[in-house]
Amino acid sequence: MCIFAPIMTQDELFKVLVAHCKEYGFIFPSSEIYDGLAAVYDYGQMGVELKNNIKQYWWNAMTRLNENIVGIDSCIFMHPRIWEASGHVGAFNDPLIDNKDSKKRYRADVLIEDYLGKIEEKINKEVEKGRRKFGDSFNEEQFRATNPNVLREKAKYDEVHNRFVKAEQESNFQEYRQIIIDCGIVCPISGTCNWTDVRQFNLMFSTSMGSTADGSNTIYLRPETAQGIFVNYLNVQKTGRMKIPFGIAQIGKAFRNEIVARQFIFRMREFEQMEMQFFIKPGTELDWFAKWKEQRMKWHVNLGMGAENYRFHDHEKLAHYANAATDIEFQFPFGFKELEGIHSRTNFDLGNHQKFSGKKIEYFDPEENKAYTPYVIETSIGVDRMVLAVLSNSFKEEQLEGGDTRVVLSIPAPLAPVKAAVLPLVKKDGLPEKAQEIMKDLKYCFNCQYEEKDSIGKRYRRQDAIGTPFCITVDHETLNDNCVTVRDRDTMQQQRVPIASLRQMIQDKVDMNNLLKNLD
Ligand code: ATP
């Protein structure tokens, strides 16, 4: 039985989480001994396991559960014309604004979105107050429609929101600045409203390929993995004899020179994406869009991190090539933010590559007896944001009976970096040897850790802190009865289990196939 420790503010929780990630080998600032490199992070011994498990869950859900989805692995370097065709050279910009006093740089759209988020938060708090006050007789709809505080905040929200959407649609950056000033949005560092004009900033990193003497070429580090899929569409369709509808999935690094990168691994300059482009017959895109929205939400909720922590946010401003777009937002410690994007991209990408490369990119549909450029539904999720979602959702500081506390990561068991720890109670009397025997048996099936240092209580805490679902303790009795004590991470309940049943017991809980079966 455990009670939650005094509630920390979300800000405090986030700081504690970042420190925890470093202390337990999940995530380190890059180049730390040289004082780090902004918005670049390395994954440590625990982080890489978690990340690999997330990738495996995504990859298998895409390519194994769908016979018509195959994977590729394309290069980071691509022909520079690709980024002209995709529109990234001309229009992959963020609107930036500087505070003249602090000299800090912000994304103008994010400042406004955060302001709107705070109003939303205020409204929700007001509603919660009402719920507490009126108890069972509380009617939320009526409360939202009549409470003067809610109505006042809602009117403020609507006014700013409407201006923002209009400014977005018209790419009116002067108006972005005006909204920021009219709303009194101040720089969190200087506390002033002394803003520069809003400027556009291209997010692509460039480098050069070939020696200067040969005439070097400017090339880009890819800002998304999707284009590697589009330019391989013909290769995969032909060699895989793929019939529409079909999808191509890819996991890989992407690079963006983000203006503001202050949210740990939420916004990095080097990150990883898991993208799937689903090629379909023109005219069927809205049906497929709805299907992929549903599928992707199911994939997330299936992890058991609370359906209430996800929501869709449909885009009000659509890119000129898209005819539907939504984000799956997750409740991060700093509020609901984009975790994944789902976009109906029409035939914009394939059509443009056809134009720029001069190669025909079409599909001959035997059922329709005609050729067309396929339409595309894209699902695109950041691996690192997913890692952050899992870590922030599972991090708990608990107060135990007797005044003790523990930090536990209740990571969904199939994603946990280490599945079981094997712990001899003492470092003598043949217990380490027995524990090593168990290790030998389990290590081919699961990532296990053997630990013999420190008291058993300390070892339990260390395993809780990295999210290990099972601790297996070998004691003197084990030598007689071939049974061990298995402690469950979440309930802390202990039970005596025959060594022969360990493998099955762990498998039942950590098997990723159980997750996948729920999706099928
Ligand atoms: P944002 O609005 O937060 O900048 P975006 O709309 O530009 O994100 P997309 O281009 O749709 O993002 O990229 C797809 C996914 O890639 C995002 O949902 C996110 O999970 C991930 N992603 C994008 N940029 C970053 C980044 N700088 N760091 C980490 N993950 C990112």
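Heavy-atom basis, side chains included; hydrogens, waters and symmetry copies ignored. Note that ligands are numbered from 1 as they come in the structure, with each ligand's atoms numbered from 1 the same way.
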**Study point:** Ligand-residue contact atoms, ligand 1 with Glu338, heavy atoms, under 4.0 Å
**Key:** 2 (O), 5 (P), 6 (O), 8 (O), 11 (O), 12 (O), 17 (C), 18 (O)
Revision key, fill the gap. For Glu258, the ligand 1 atoms with a heavy-atom partner under 4.0 Å come out as 24 (N), 26 (C), 27 (N)
**Study point:** Cationic N near anionic O, under 4.0 Å, Glu153 to Lys156
**Key:** yes
**Study point:** Nearest-option assignment for atom 25 (C) of ligand 1, heavy atoms, candidates Phe264, Phe255, Phe271
**Key:** Phe271
Review point. Of the listed options (Leu339, Ile342, Asp109), which comes nearest to atom 20 (O) of ligand 1 when hydrogens are ignored and any heavy atom counts?
Key: Leu339
**Study point:** Proximal ligand 1 atoms for His343, defined as those under 4.0 Å from one of its heavy atoms
**Key:** 11 (O)
Review point. Are Arg107 and ligand 1 in contact, using a heavy-atom cut-off of under 4.0 Å?
Key: yes
Exercise for review: Run the numbers for me: atoms of ligand 1, each under 4.0 Å from some heavy atom of Glu340, listed by number.
Suggested key: 18 (O)
Review point. Is Glu224 near ligand 1, meaning one of its heavy atoms is under 4.0 Å from it?
Key: no
**Study point:** Those atoms of ligand 1 less than 4.0 Å from some heavy atom in Ser380
**Key:** 13 (O), 14 (C), 15 (C), 18 (O)
Exercise for review: Counting heavy atoms only, name the option from Glu270, Arg267, Lys337, Gln263 that's nearest to atom 4 (O) of ligand 1.
Suggested key: Arg267
Review point. Do Phe266 and Phe332 make the cut of ring centroids closer than 6.0 angstrom?
Key: yes
